[in-house]
Every structure is written in C-alpha cells, then in structure tokens.
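The next block holds one structure in the form of structure tokens; read it before the comments.
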Amino acid sequence: MNVRTLPERYLTPDDVAELLRVPVETLYQWRRKRTGPPAFRVGRHLRYDPVRLREWVDGLTEVAA
C-alpha cells in the first residue's frame with residue numbers, strides 16, 4: 001500500500017505510519033503539534049480519512065516544489 005493507492009476505508013495510525021514510513025509515535029507528536037495529517041476519533045480510536053490524508057500529502061508536495 002502506498003499514498004497514491006489509498007484504500008477506501010478509514011485508516012488507523014498504524015496504516016498511516018506504514019504509508020508515510022514514519023513511526024506511529026511521530027503521528028501522535030504531529031497531532032499534538034497540529035502539524036500532521038487531519039484525524040478524528042471514533043470513541044477512543046483515532047482514524048484518518050484517506051481523502052484528507054491525500055490532500056495533506058498533496059499540500060506538502062506543493063510547498064516543497
């Protein structure tokens with residue numbers, strides 16, 4: 001799985017960490033700093049919308065270009 005071919009289900013922090021090739025703890029740090037991909041809670045569980053994750057990654061690549 002890679003960021004270009006995202007699944008159509010909500011992603012877990014483990015899924016996103018694997019896609020971005022960063023430790024899960026990095027995602028949590030980004031969330032605390034409000035610099036990472038947008039996420040939401042379902043009860044106690046953190047989830048990421050693949051569409052919003054794609055938009056976040058696209059925004060990063062536009063800034064870097």
Checklist entry - With sequence neighbours excluded, what pairs up with R32 under the side chain to side chain donor-acceptor pair (under 3.5 Å) test? => result E25
Next on the checklist: Working to the nearest 0.5 angstrom, can you tell me the gap between E18 CD and L11 CG?
Outcome noted: 10.5 Å
Checklist outcome for this item: Minimal heavy-atom distance between W30 and V22, with the atoms involved, is CH2-CG1, 4.1 Å
Next on the checklist: Please give me the minimum heavy-atom distance between L20 and W56, naming the atom from each residue.
Outcome noted: CD1-CZ3, 4.0 Å
Checklist entry - Do you know which two heavy atoms are closest between A17 and P23, and how far apart they sit? => result CB-C, 4.2 Å
Next on the checklist: Holding to side-chain contact (heavy atoms from CB on, under 4.5 Å), I want the full list of residues that pass it with R41, two or more places apart in sequence or in another chain.
Outcome noted: R31, L46
Checklist entry - Can you find a heavy atom in the side chain of Y10 that is under 4.5 Å from one in the side chain of P50? => result yes
Checklist outcome for this item: Residues passing the ring-ring contact (aromatic ring centres under 6.0 Å, His included) test with Y28, sequence neighbours excluded, are none
Checklist outcome for this item: Closest non-hydrogen atoms of P13 and L27, given as atom of the first, atom of the second and distance, are O-CD1, 3.2 Å
Checklist entry - What pairs with T12 under side chain to side chain donor-acceptor pair (under 3.5 Å), at least two apart in sequence or on another chain? => result D15
